[in-house]
Amino acid sequence: MAAYLQWRRFVFFDKELVKEPLGNDGAAPGAAPTSGSAASKFLCLPPGITVCDSGRGNLVFGDMEGQIWFLPRSLQLTGFQAYKLRVTHLYQLKQHNILASVGEDEEGINPLVKIWNLEKRDGGNPLCTRIFPAIPGTEPTVVSCLTVHENLNFMAIGFTDGSVTLNKGDITRDRHSKTQILHKGNYPVTGLAFRQAGKNTHLFVVTTENVQSYIVSGKDYPRVELDTHGCGLRCSALSDPSQDLQFIVAGDECVYLYQPDERGPCFAFEGHKLIAHWFRGYLVIVSRDQKVSPKSEFTSRLSQSSDKQILNIYDLCNKFIAYSAVFEDVVDVLAEWGSLYVLTRDGRVHALQEKDTQTKLEMLFKKNLFEMAINLAKSQHLDSDGLAQIFMQYGDHLYSKGNHDGAVQQYIRTIGKLEPSYVIRKFLDAQRIHNLTAYLQTLHRQSLANADHTTLLLNCYTKLKDSSKLEEFIKTKSENEVHFDVETAIKVLRQAGYYSHALYLAENHAHHEWYLKIQLEDIKNYQEALRYIGKLPFEQAESNMKRYGKILMHHIPEQMTQLLKGLCTNYRPSLEGRGDQEASGCRANSEEFIPIFANNPRELKAFLEHMSEVQPDSPQGIYDTLLELRLQNWAHERDPQVKEKLHAEAISLLKSGRFCDVFDKALVLCQMHDFQDGVLYLYEQGKLYQQIMHYHMQHEQYRQVIAVCERHGEQDPSLWEQALSYFARKEEDCKEYVAAVLKHIENKNLMPPLLVVQTLAHNSTATLSVIRDYLVQKLQKQSQQIAQDELRVRRYREETTRIRQEIQELKASPKIFQKTKCSICNSALELPSVHFLCGHSFHQHCFESYSESDADCPTCLPENRKVMDMIRAQEQKRDLHDQFQHQLKCSNDSFSVIADYFGRGVFNKLTLLTDPPTSRLTASLESGLQRDLLMHSRRGT
């Protein structure tokens with residue numbers, strides 16, 4: 001129970017009398033009255049008003065003469081005769097233009113209910129769609145209250161004898177409506193109200209002694225007894241959704257609120273209640289200070305007519321009185337057009353217009369009632385910007401009063417709307433650092449802090465030396481709950497010397513670089529840094545090894561080398577890592593880590609040898625570096641046995657086949673370290689036979705010179721020529737070696753005899769006996785070759801003469817075809833047949849089946865194609881001078897190569913430049929001769 005005596009009173013409503021509209025006396029509505037005519041300026045209702053209601057843009061009145069009056073917003077009063085005697089009750093629906101009324105057409109207790117459709121007219125008056133007696137039985141009783149459901153399917157009528165009738169169905173038609181007695185009691189019914197909750201429709205029934213509710217949407221109409229306190233007439237109302245559609249019962253001692261199944265809160269508003277009304281979240285109560293029992297409501301109304309009455313407007317949510325005024329003889333309170341209208345017995349209408357929200361807030365601000373202003377703003381659904389402004393003003397007020405703790409709580413409520421710097425500047429003093437800390441904590445929790453705010457908050461923690469708060473701030477359960485910039489926090493903690501906290505943040509939020517920086521630069525814990533790298537995912541582990549590898553190699557070389565071996569072969573994060581173990585196959589480029597071993601040759605050798613053994617497809621740089629390292633060790637080694645072992649390792653590496661693509665680099669390395677065996681091996685692999693020869697010549701290794709020629713003479717025949725020239729320049733006796741060289745030159749026909757003689761002429765020790773056998777054999781071979789060539793030339797000339805005679809005969813003499821058999825099927829030749837100049841004949845059907853061309857003989861075509869292909873090949877190869885030079889140089893018989901190219905016409909262009917014009921005709925005839933040789937195989941016509 002809330003005592004209203006403690007509630008503050010405000011004037012949140014403006015009161016004025018409703019004036020007559022423009023045109024009645026020449027004045028505008030609302031104009032101030034002039035002296036002598038004030039009474040004519042104000043609106044005055046007809047006398048005898050007994051009942052009122054409002055809705056659909058009208059104030060509706062009923063009087064003792066049976067008329068119903070409508071007052072629209074234009075204040076032009078209209079009416080019609082609804083009953084012959086009087087109107088006792090009105091109910092205007094809010095969602096339909098339907099008016100329900102109760103009145104009397106004849107003397108006696110016989111009330112009639114009439115339903116009016118205000119949108120339709122009947123002779124200028126609203127159309128009455130239904131008339132029926134209010135009393136369901138034969139016992140006369142007086143109607144005390146009336147209510148209608150907005151869906152037009154329910155209407156309830158209460159009586160003074162305690163009964164309630166329910167009309168179910170379409171209330172505008174007799175045919176579809178059914179009337180039944182819902183409730184019987186011993187106390188007069190003083191109030192009724194329908195409440196819709198989902199599919200259930202409840203009816204509240206209040207009498208002078210109790211409150212009940214019925215479910216009227218189902219069968220059997222179950223009843224719930226809510227309370228044993230009642231109220232007088234017009235002292236009940238239904239609230240809006242802001243109060244959860246509760247039923248309000250205004251008793252003399254208290255005001256009670258009810259749900260359909262239970263009683264809600266109550267408020268101790270004293271005074272005899274005359275009227276209860278609900279208006280836009282406010283409870284309007286008209287009361288009299290005299291204590292009068294509600295049972296006397298029906299017997300003593302005339303004796304009360306002259307009393308002063310107090311109208312109070314209560315805000316139940318915020319617990320204050322929004323307005324309070326004294327009126328004389330209030331008839332009723334109506335709500336329409338966003339305002340309250342108070343009708344008094346003298347026919348005047350008083351308008352109560354609610355002030356706007358900003359005006360009400362300013363009134364509260366002047367009285368420093370900020371809490372009440374906040375509650376009011378929330379109930380008025382003020383936007384977040386408006387609320388933030390109130391919080392800021394409240395905070396400023398508390399700050400000016402020295403209540404810093406209270407001020408910071410209000411400033412916290414402005415987060416997201418008020419610029420944080422406004423608040424931070426107020427609390428930068430060291431004595432208020434705990435307030436600033438509270439504000440910054442909330443700023444971070446709402447994820448609205450920037451890096452500067454994080455820095456400031458952490459500095460506050462460190463200044464306060466509050467390690468528990470610091471740990472609570474940074475040790476969040478998941479990354480989604482982090483409300484600050486982690487990197488900024490790590491920087492501040494590191495600068496303040498809170499290394500363990502900084503490491504915690506860096507590790508939990510995967511800031512690997514910061515974690516390693518702190519471990520290596522601040523704590524100097526190299527083992528832990530290496531362990532941390534080992535549990536990172538592959539990409540992060542690789543990048544951090546490149547960044548911090550030299551530092552780790554300097555301090556813990558063995559462990560560092562071991563981790564690098566794993567990273568470059570088959571890396572998997574250690575089992576203590578947070579993530580899932582990665583699949584095999586992730587490996588780094590080992591060549592990129594070689595610079596890390598700059599000052600650790602022993603570890604470098606172990607790393608390189610491991611990579612070459614475990615991963616044969618390692619990058620070339622691994623093998624290049626390993627070769628250089630082995631050659632360097634070999635060159636500086638003094639122990640013969642160790643030196644021999646290093647020599648074997650270097651040769652083995654060279655023979656591994658890893659230097660084919662970088663031959664020059666390996667050769668340079670061997671030459672730099674004077675590794676001669678490696679140089680000779682590389683010369684041989686690179687087919688640098690000339691260099692091998694020169695090496696042995698420089699060292700006068702005669703047998704090795706001969707061995708090189710024998711081993712590589714096939715690939716480079718000029719080696720024998722160089723060997724002969726080399727031995728020819730030697731003054732010492734080299735007959736044995738010269739003879740061996742001449743034997744190979746003769747067998748391979750590498751040099752002309754004259755050039756051999758000229759070469760040996762420079763050697764004073766070489767006699768004619770050395771080359772006598774060579775010269776004799778050479779002359780004999782040349783004689784035999786000359787004889788063979790002459791025989792071939794003679795045969796070619798005879799063949800050419802024969803072919804020319806045959807061509808001439810074909811041109812000058814007729815060709816007689818005497819063949820009797822087909823050249824394909826070998827059957828007797830029959831007409832039609834096909835004959836060719838080459839002498840072959842065919843059946844026409846055989847020829848058409850087997851021939852590829854109508855102009856070529858099927859039998860001669862394969863041979864003719866070969867000849868034509870040779871001719872085309874010769875024409876295409878006329879300009880192949882590079883090929884000619886190569887063949888001329890490599891062939892054992894140079895003359896045959898020249899003769900072949902003469903035959904192809906390679907030198908014809910030279911001839912065309914020097915020969916007279918007659919030679920062109922001859923050349924043309926010769927070139928056409930080859931084509932003429934094929935004409936004898938063409939088809940005859």
Side-chain angles (χ1 to χ4, degrees), residues 18 21 43 45-46 49-63 65-83 86-103 105 111-132 134 143 145-157 166-179 192-196 201 203 216 234 237-238 240-241 245 277-280 332-341 343 349 351:
V18 178
L43 181 67
L45 296 176
I49 297 296
T50 58
V51 64
C52 311
D53 203 359
S54 62
R56 304 297 292 178
N58 289 301
L59 301 182
V60 187
F61 310 104
D63 62 13
E65 303 297 329
Q67 286 192 324
I68 295 179
W69 301 90
F70 296 96
L71 184 65
R73 196 161 193 174
S74 63
L75 303 181
Q76 297 291 342
L77 189 64
T78 60
F80 70 98
Q81 191 71 37
Y83 293 90
R86 65 185 64 85
V87 181
T88 59
H89 296 83
L90 291 174
Y91 191 91
Q92 173 66 56
L93 277 78
K94 305 300 184 289
Q95 299 178 12
H96 302 276
N97 217 357
I98 300 295
L99 175 66
S101 65
V102 178
D105 279 342
L112 292 177
V113 179
K114 296 184 179 182
I115 307 299
W116 307 91
N117 188 335
L118 303 182
E119 293 180 347
K120 297 181 180 181
R121 293 288 168 176
D122 180 15
N125 296 329
L127 175 64
C128 182
T129 62
R130 183 183 178 192
I131 302 175
F132 62 94
V143 175
C145 52
L146 166 71
T147 187
V148 181
H149 198 288
E150 290 294 332
N151 62 11
L152 300 178
N153 288 324
F154 298 98
M155 180 170 64
I157 303 174
L166 176 67
N167 284 268
K168 194 172 183 180
D170 189 352
I171 66 170
T172 63
R173 300 180 183 180
D174 289 322
R175 184 179 302 175
H176 301 94
S177 180
K178 180 181 179 182
T179 302
L192 298 169
F194 284 108
R195 182 183 187 271
Q196 189 70 37
T201 303
L203 174 64
V216 297
R234 301 186 300 170
L238 190 69
D240 58 18
L245 296 175
H277 192 81
W278 188 265
F279 169 69
R280 296 173 65 176
D332 208 343
V333 179
L334 304 175
E336 192 66 27
W337 313 311
S339 300
L340 274 174
Y341 293 91
L343 175 63
V349 180

Show your working on side chain to side chain contact (heavy atoms under 4.5 Å, CB included) between Ile98 and Glu119 and close with a plain yes or no.
-> CA-CA 8 Å; Ile98 300 295; Glu119 293 180 347; over 6 Å; no
The criterion is side chain to side chain donor-acceptor pair (under 3.5 Å); which residues satisfy it with [X], sequence neighbours excluded?
{"X": "Gln196", "result": "His149, Thr201"}
{"X": "Thr78", "result": "none"}
{"X": "Thr129", "result": "none"}
{"X": "Asp170", "result": "Thr172"}

Exercise: identify the closest heavy-atom pair between [X] and [Y]:
{"X": "Cys145", "Y": "His89", "value": "N-NE2, 3.7 Å"}
{"X": "Thr179", "Y": "Arg130", "value": "OG1-NH2, 4.4 Å"}
{"X": "Gly338", "Y": "Phe279", "value": "O-CZ, 3.6 Å"}
{"X": "Ser74", "Y": "Pro21", "value": "O-CB, 3.4 Å"}
{"X": "Asp332", "Y": "Cys52", "value": "OD2-O, 3.7 Å"}
{"X": "Val143", "Y": "Ala134", "value": "CG2-CB, 3.8 Å"}

By side-chain contact (heavy atoms from CB on, under 4.5 Å) - contacts of [X] (at least two apart):
{"X": "Asp122", "answer": "Leu127"}
{"X": "Arg86", "answer": "Met64, Thr88, Glu104"}
{"X": "Lys168", "answer": "Phe154, Tyr221"}
{"X": "Ser54", "answer": "Leu59, Leu334, Glu336"}

To the nearest 0.5 angstrom, please state how far the [atom1] atom of [X] sits from the [atom2] atom of [Y].
{"X": "Ser177", "Y": "Asn167", "atom1": "OG", "atom2": "CG", "answer": "4.5 Å"}
{"X": "Tyr91", "Y": "Asp53", "atom1": "OH", "atom2": "CG", "answer": "7.5 Å"}
{"X": "Leu238", "Y": "His277", "atom1": "CG", "atom2": "NE2", "answer": "11.5 Å"}
{"X": "Met155", "Y": "Leu93", "atom1": "CE", "atom2": "CG", "answer": "10.0 Å"}
{"X": "Ile131", "Y": "Ile115", "atom1": "CD1", "atom2": "CD1", "answer": "10.0 Å"}
{"X": "Leu43", "Y": "Leu77", "atom1": "CG", "atom2": "CG", "answer": "7.0 Å"}

Side chain to side chain contact (heavy atoms under 4.5 Å, CB included) evaluation trace for Val102 with Leu112 = CA-CA 6 Å; Val102 178; Leu112 292 177; over 6 Å; no
Take Phe80 and Phe70 through the side chain to side chain contact (heavy atoms under 4.5 Å, CB included) test and state the conclusion after the steps.
-> CA-CA 9 Å; Phe80 70 98; Phe70 296 96; 3.5 Å; yes
Whether over 12 other heavy atoms sit under 6.0 Å from Arg121 CZ = yes
Just jot down the salt bridge (Lys or Arg N to Asp or Glu O under 4.0 Å) partners of [X], sequence neighbours excluded, or say none.
{"X": "Asp240", "result": "none"}
{"X": "Arg73", "result": "none"}
{"X": "Arg56", "result": "none"}

Taking [X] for the side chain and [Y] for the main chain, is one N or O donor matched with an acceptor at less than 3.5 Å?
{"X": "Lys114", "Y": "Ala82", "value": "yes"}
{"X": "Lys120", "Y": "Leu118", "value": "no"}
{"X": "Gln95", "Y": "Asn151", "value": "no"}

Report the C-alpha distance between Asp63 and Thr50 in whole Å, list the side-chain angles of each, state the deciding distance to 0.1 Å, and finish with yes or no for side-chain hydrogen bond (donor to acceptor under 3.5 Å, both in side chains).
-> CA-CA 5 Å; Asp63 62 13; Thr50 58; over 6 Å; no
Ile68 side chain reached by Leu90 side chain, heavy atoms, under 4.5 Å | yes
Residues passing the ring-ring contact (aromatic ring centres under 6.0 Å, His included) test with Tyr83, sequence neighbours excluded, are none
Might you work through the side chain to side chain contact (heavy atoms under 4.5 Å, CB included) test for Asn153 and Ile171, ending with a clear yes or no?
-> CA-CA 6 Å; Asn153 288 324; Ile171 66 170; over 6 Å; no
